[in-house]
Number of protein chains: 2
Amino acid sequence: MPSSTTDKSAGSRRDQILREAARLFASRGFHGVGVDEIGAAVGISGPGLYRHFAGKDAMLAELLVGISGRLLAEGKRRKAEAEDAHSALESLVRGHIDFALDDRPLITLHDRELDRLRESDRKLVRQLQRQYVELWVEVVREVYPGLAEPEARACVHAVFGLINSTPHSTSAPRSTPAPGRTAMAFLLHRLALGAFGAAADGQPSRHDHPFE
Amino acid sequence: MPSSTTDKSAGSRRDQILREAARLFASRGFHGVGVDEIGAAVGISGPGLYRHFAGKDAMLAELLVGISGRLLAEGKRRKAEAEDAHSALESLVRGHIDFALDDRPLITLHDRELDRLRESDRKLVRQLQRQYVELWVEVVREVYPGLAEPEARACVHAVFGLINSTPHSTSAPRSTPAPGRTAMAFLLHRLALGAFGAAADGQPSRHDHPFE
DNA sequence: GGCAATAGTTAACGACCACTAACGTGACCA
DNA sequence: TGGTCACGTTAGTGGTCGTTAACTATTGCC
């Protein structure tokens, strides 16, 4: 039984393993998942994974570096292609929402298992994350010049939390059905922009900043 | 070296252990922390913890049940004491923000390590969480009658994500200082209410509330 | 003083787990 | 045909970790 076309796997074996590992890590935590389990999820058993990865840590590292890099690259692209700041912000929001809705396990790992990385990888991921945040902050401050930089950064973090919250809401069956994907995307879009707008309202435009 | 008055511990030894366990669980994950480490954090070593708790699982269970119960109780109290729906929502937001800012480790555990519980405990925690969400949903729909129930629930989840995002933003030192506690609380308050307002805007139904 | 309770200690045990070693097997190819 | 390489397998190993056992010290009570 050679490769044929594996059930629902589009890419290589590596990609299949990464996808299943992401799912398992997200649902039970990095330390809560054994290599045997990851192997079983792709049809091979245990140490066979070591033909594809140096170790369990390497899988997590590749996942986190990959996701951070993709977020940043996509963000840069969207900002560059937008005509003005306002549409850039909308595009950023839309892109992040798509990401959160389509790659739930990755977005969960992204802010949950960062500390399980080797020092060097963690540094790299944090740098990519920081660049991504700064990209948002620039756009947000261009749209709302009244926002001071620390406030804008806090807002961006909060909106990330808002958008990234969707994976958590899949816990239990409801009496009333949850909104579908497109409705959810639309709703999150409104929520995120509404939050930014509310942050800018009543902000002294010249800002001599009011913390503490 | 007996008890004297332990450094900064207000309550009993149990409480001290719980506090340190929460901090460690939040920063390195339930599986990532060993009992020896928890013991060391309170000055005793390893198995001494078993004089106070049945096991590591029991600590997590008590933490999660405790926090869920406190959130719900406080939420009920605030709703009951509010004069109208709008001030009830404001009070709920304020309460949840205070909680997120003052008990960061707990709020992190709350939506991260739920699956590490025994079936019965997990069921209990989920029930408390659900009641808390429903309490919010009722208030939100009273303030914004145009919101359908599923949308309102999604909004509540999203706003929780927004408010709960604050613990994650403490990762690295910044060039510009982060907002202080009171400024952060104020900002989160505006963000949360702004998000709710934006969710209700453009929603078809009969809402006619004057502001916004 | 005797005695029980409380709150620790160290040593050890058993399970689990990431990883390695040694081996097998089919595909491709000169 | 025979060699090599990609990709598995099972068995084993060393280390970690939760938990228990056995023992000790301090404290308050009669």
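Just so we're clear, the structure is a prediction, and the values are computed from it rather than from any experiment. First the proteins, then the strands, lettered A, B, ... as listed; each starts at 1.
Listed by residue number, the members of residues 45-55 of chain A with any heavy atom below 4.0 angstrom from DNA chain D are A:Ser45, A:Pro47, A:Gly48, A:Arg51, A:His52.
Checked against ring-ring contact (aromatic ring centres under 6.0 Å, His included), A:Phe25 has the following partners two or more places apart in sequence or in another chain: A:Phe30. Remark: A:Glu83 pairs with no residue by the side chain to side chain donor-acceptor pair (under 3.5 Å) rule, at least two apart or across chains. Residues satisfying the salt bridge (charged side-chain N to carboxylate O under 4.0 Å, His left out) criterion with B:Glu134, sequence neighbours excluded, are B:Arg153. The salt bridge (charged side-chain N to carboxylate O under 4.0 Å, His left out) search around A:Glu62 returns A:Arg14, not counting sequence neighbours.
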Sub-3.5 Å pairs of nitrogen or oxygen atoms, protein against nucleotides 14-16 of chain D:
none

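The interatomic distance linking A:Arg13 (CZ) with D:dA6 (C1') rounds to 12 Å, in whole Å. The nearest whole Å value for the distance from the CD1 atom in B:Ile17 to the P atom in C:dG8 is 7 Å. If you measure from atom CG of B:Asp57 to atom P of D:dT20, you get 11 Å, rounded to the nearest angstrom. A:His31 places its NE2 atom 18 Å from the P atom of C:dC16, with the value rounded to the nearest Å. Atom CG of A:Asp36 and atom P of D:dG8 are 15 Å apart (whole Å). The nearest whole Å value for the distance from the CZ atom in A:Arg116 to the P atom in C:dA18 is 14 Å. Between A:Lys56 atom NZ and C:dT20 atom P the separation is 14 Å, expressed in whole Å. Counting to the nearest Å, the P atom of C:dC19 and the CD1 atom of A:Ile44 are 14 Å from each other.
For A:Ser91 (side chain) and A:Ser87 (main-chain N/O), no donor-acceptor pair under 3.5 Å exists by modelled atom type. With hydrogens and angles disregarded, a donor-acceptor distance shorter than 3.5 Å links the side chain of B:Arg13 to the backbone of B:Val42.
Across all strands, B:Val33 comes closer than 4.0 Å only to sugar-phosphate atoms, never to a base (heavy-atom distances).
Between A:Asp98 and A:Arg181, at least one side-chain nitrogen of the basic residue sits less than 4.0 Å from a carboxylate oxygen of the acidic one, meeting the salt-bridge criterion.
Using a 4.5 Å heavy-atom threshold, the side chains of B:Glu90 and B:His189 count as touching.
Using a 30° and 60° split on the angle between ring planes, B:Trp136 and B:His96 fall in the perpendicular class, above 60°.
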